[in-house]
*Asks:* 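Below are the C-alpha cells for one structure; questions will follow.
For reference, positions follow the sequence shown, starting with 1.
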Amino acid sequence: MVPPAGRPSRAGRDLVAAITVGVALGVVILGSLLVERHFFIGVLAVATAMGTWELAGALRRGAGIAVPLPILLAGGQAMVWLSWPFRLPGLAVAFAVTALAVLLWRLRAGSAHYVRDVTAGVFTAAYVPLFCSFAVLLVVADDGLARVLTFLICGVASDVGGYAAGVLLGRHPMAPTISPKKSWEGFGGSQLAGMVAGALCVHLMLGGVWWAGAVTGALLVTCATLGDLIESMVKRDLGIKDMGTLLPGHGGLLDRMDSLLPTAVVAWALLSIVVP
C-alpha cells in the first residue's frame with residue numbers, strides 16, 4: 001500500500017513526492033535524449049550549475065566555508081561545453097584552469113585557512129562539474145544515445161532493486177555509522193537488477209557480449225552505492241540532512257545526483273573498454 005502524500009514511507013521519505021519528482025526528472029532527461037541527444041548536454045549544464053550552487057551553500061551552512069561561486073559556475077559550464085567538441089582534452093584543460101582560478105582567488109584573503117578554502121573549492125569543481133562532464137563524453141559518442149541510456153538504466157535499476165529489496169528484506173546494515181537505512185539485502189537487490197539491466201543494455205543496444213554487460217552493471221551498481229555513501233559522509237561531516245530543498249521527497253538536486261556523478265566516470269571508462 002502506498003503511503004499517503006506527505007507521510008514518510010518505510011524508507012524514511014515521502015514516497016509519493018519522491019516518485020512524482022523522479023518521474024518528472026525522467027521525462028526531462030528522456031525527452032532531451034530522444035528529441036535530439038545533444039539537448040541532454042543542456043540538461044547537464046543546468047544540473048551542473050544547480051548542483052554547484054547547492055554544494056557551495058552546504059559548505060557555507062555546515063562549515064562556514066565560502067567557495068568562489070562565480071568562478072566555479074563559469075568553470076563548470078566550461079567543462080561541460082568544452083567536453084562536446086574537444087572531448088577529454090577540453091574537459092581536462094577546463095578543470096585545470098578552474099582549479100588554478102580557485103587557487104588565485106583565495107590569495108586576496110590571506111594565509112589563514114587557505115588550504116581549507118582552496119581544497120573545498122577544488123573539491124566542488126571536481127565533485128559536480130568534472131564528474132558530470134563524463135556524461136557529456138558518453139552522449140557525444142557516435143552511439144551516445146545507447147551509452148547514456150545504458151548508464152541511466154543501470155542507475156535506475158540499481159535504485160529500484162535496492163529500494164525494493166531494502167524495504168522488504170533489509171535486516172543487516174551496510175554502513176550504520178554513515179547511512180543507517182542502507183542494508184546488505186538492498187545492495188544485493190541493486191546488484192541483481194543492475195546486472196540484468198547491464199547485460200540487456202550492452203547486448204541489445206551496444207552490440208556487446210551479455211556477460212560483459214553484466215559485469216559493467218555490477219561495477220556501476222557498486223560505484224553508485226559508494227557514491228551514496230560518499231555524499232552521506234559529506235553531509236555528516238557538514239552536519240546537514242540534505243544538500244538542498246529543491247526536490248520534494250529527495251532534498252536537493254545533488255541528493256538525487258549523488259550516485260550518478262561518480263558513476264558517470266566509471267560508466268564512460270567501462271563502456272570505452274567493453275564496447276570501444
*Asks:* So which atom in Glu231 and which in Leu254 form the shortest heavy-atom distance, rounded to 0.1 Å?
*Replies:* OE2-O, 3.1 Å
*Asks:* A side-chain contact here means heavy atoms from C-beta on lying under 4.5 Å apart; do Leu260 and Phe151 qualify?
*Replies:* yes
*Asks:* Would you find a donor on one side and an acceptor on the other, under 3.5 Å apart, between the side chain of Arg236 and the backbone of Thr177?
*Replies:* yes
*Asks:* Hydrophobic clusters here meaning ILVMFWY residues chained together by side-chain heavy-atom distances under 4.5 Å, can you tell me if Met195 and Val266 are in one?
*Replies:*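 No, Met195 does not connect to Val266 through the hydrophobic network.
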*Asks:* Looking only at non-hydrogen atoms, find the nearest pair between Pro129 and Thr52 and report the distance.
*Replies:*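 Closest pair (atom of Pro129, atom of Thr52, distance): CD-OG1, 3.9 Å.
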*Asks:* Hey, quick one: are Leu204 and Leu34 part of the same hydrophobic cluster, counting side-chain heavy atoms closer than 4.5 Å, chains of contacts allowed?
*Replies:* no
*Asks:* Should Met205 and Leu33 be regarded as members of a common hydrophobic cluster, given that ILVMFWY residues are connected when their side-chain heavy atoms come within less than 4.5 Å of each other, either directly or indirectly?
*Replies:*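 Result: yes, single cluster for both.
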*Asks:* Taking the side chain as every heavy atom from C-beta outward, state whether Thr225 and Lys182 have any atom pair closer than 4.5 Å.
*Replies:*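 Yes, close enough: below the 4.5 Å cut-off.
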*Asks:* Could you check whether Arg256 pairs with Asp159 (Lys NZ or Arg NE/NH1/NH2 to Asp/Glu carboxylate O, under 4.0 Å)?
*Replies:* yes
*Asks:* Can a donor-acceptor pair be found, under 3.5 Å and without considering hydrogens, that links the side chain of Arg87 to the backbone of Val140?
*Replies:* yes
*Asks:* Could you walk me through whether Leu88 and Leu91 satisfy the side chain to side chain contact (heavy atoms under 4.5 Å, CB included) test, starting with their C-alpha distance in whole Å, then the side-chain angles of each, then the deciding distance to 0.1 Å, before giving a yes or no?
*Replies:* CA-CA 5 Å; Leu88 193 59; Leu91 172 58; 4.3 Å; yes
*Asks:* Quick check: closest heavy atoms across Ala135 and Val148, and the distance to 0.1 Å?
*Replies:*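 The pair with the smallest heavy-atom distance is O-CG2, 4.2 Å.
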*Asks:* Would you find a donor on one side and an acceptor on the other, under 3.5 Å apart, between the side chain of Ser179 and the backbone of Ala175?
*Replies:*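 It does not hold such a pair.
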*Asks:* Are the side chains of Met243 and Lys235 in touch, meaning some heavy atoms are under 4.5 Å apart?
*Replies:*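 Counting from C-beta outward, Met243 and Lys235 do come under 4.5 Å.
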*Asks:* Ignoring hydrogens and geometry beyond distance, is a side-chain donor-acceptor pair present between Gln191 and Ser158 at under 3.5 Å?
*Replies:* no
*Asks:* Which one of Leu270, Val209, Val215, Leu271 satisfies the side chain to side chain contact (heavy atoms under 4.5 Å, CB included) criterion with Val202?
*Replies:*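 Exactly one pass, corresponding to Leu271.
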*Asks:* Could you walk me through whether Trp84 and His38 satisfy the side chain to side chain contact (heavy atoms under 4.5 Å, CB included) test, starting with their C-alpha distance in whole Å, then the side-chain angles of each, then the deciding distance to 0.1 Å, before giving a yes or no?
*Replies:* CA-CA 9 Å; Trp84 181 359; His38 292 93; 3.4 Å; yes
*Asks:* Under the 3.5 angstrom rule, does the side chain of Asp258 hit a backbone N or O of Gly227 as a donor-acceptor pair?
*Replies:*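 Not confirmed, Asp258 side chain does not pair with Gly227 backbone.
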*Asks:* To check you understand the geometry: which heavy-atom pair defines the closest contact between Ser272 and Arg147, and what is its length?
*Replies:* N-NH1, 3.9 Å
*Asks:* Side chains of Leu168 and Glu185: does their closest heavy-atom pair fall under 4.5 Å?
*Replies:*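 Counting from C-beta outward, Leu168 and Glu185 never come under 4.5 Å.
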*Asks:* Taking all non-hydrogen atoms of both residues, which atom of Ser83 and which atom of Ser133 are closest, and how far apart?
*Replies:* OG-CB, 3.7 Å
*Asks:* Around atom OH of Tyr114, are there more than 12 heavy atoms from other residues, nucleotides or ligands closer than 6.0 Å?
*Replies:*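 Counting other residues, nucleotides and ligands, OH of Tyr114 exceeds 12 neighbours.
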*Asks:* Distance-only criterion, 3.5 Å: show the donor-acceptor pairs between side-chain atoms of residues 62-78 and protein atoms not counting sequence neighbours.
*Replies:*
from  : atom 1 : to    : atom 2 : distance (Å)
Gln77 : OE1    : Trp81 : NE1    : 3.2
Gln77 : NE2    : Ala45 : O      : 3.0

*Asks:* Count I, L, V, M, F, W, Y as connected when their side-chain heavy atoms are under 4.5 Å apart, and connections chain through other members. Are Leu82 and Leu44 then in the same cluster?
*Replies:* no
*Asks:* For Glu54 and Gly252, work out which heavy atoms get closest and say how close.
*Replies:*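 The pair with the smallest heavy-atom distance is OE2-CA, 3.3 Å.
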*Asks:* Can a donor-acceptor pair be found, under 3.5 Å and without considering hydrogens, that links the side chain of Ser190 to the backbone of Gly162?
*Replies:*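 Here the side-chain-to-backbone pair exists.
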*Asks:* Is there side-chain contact between Phe187 and Thr222, with heavy atoms separated by less than 4.5 Å?
*Replies:*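 Side-chain contact under 4.5 Å: yes.
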*Asks:* Using the side chain to side chain contact (heavy atoms under 4.5 Å, CB included) rule, pick out the option among Thr150, Leu149, Thr216 that qualifies with Leu206.
*Replies:* Thr150
*Asks:* Once side-chain hydrogen bond (donor to acceptor under 3.5 Å, both in side chains) is applied, do any residues pair with Arg37, and if so which ones, sequence neighbours excluded?
*Replies:*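 Here no residue qualifies.
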*Asks:* Before giving the answer on side chain to side chain contact (heavy atoms under 4.5 Å, CB included), spell out for Val80 and Ile41 the whole-Å C-alpha distance, their side-chain angles and the decisive distance to 0.1 Å.
*Replies:* CA-CA 7 Å; Val80 169; Ile41 301 175; 3.9 Å; yes
*Asks:* Do the side chains of Leu238 and Arg61 get nearer than 4.5 Å, heavy atoms only?
*Replies:* no
*Asks:* In Å, rounded to the nearest 0.5 Å, how long is the span from OG1 of Thr48 to CZ of Phe131?
*Replies:* 12.5 Å
*Asks:* Give the C-alpha distance, both sets of side-chain angles, the deciding distance and a yes or no for side chain to side chain contact (heavy atoms under 4.5 Å, CB included) between Leu100 and Trp105.
*Replies:* CA-CA 9 Å; Leu100 179 60; Trp105 160 84; over 6 Å; no
*Asks:* Is Leu138 reachable from Val156 through a run of hydrophobic residues whose side-chain heavy atoms are each under 4.5 Å from the next?
*Replies:*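 Shared cluster, no.
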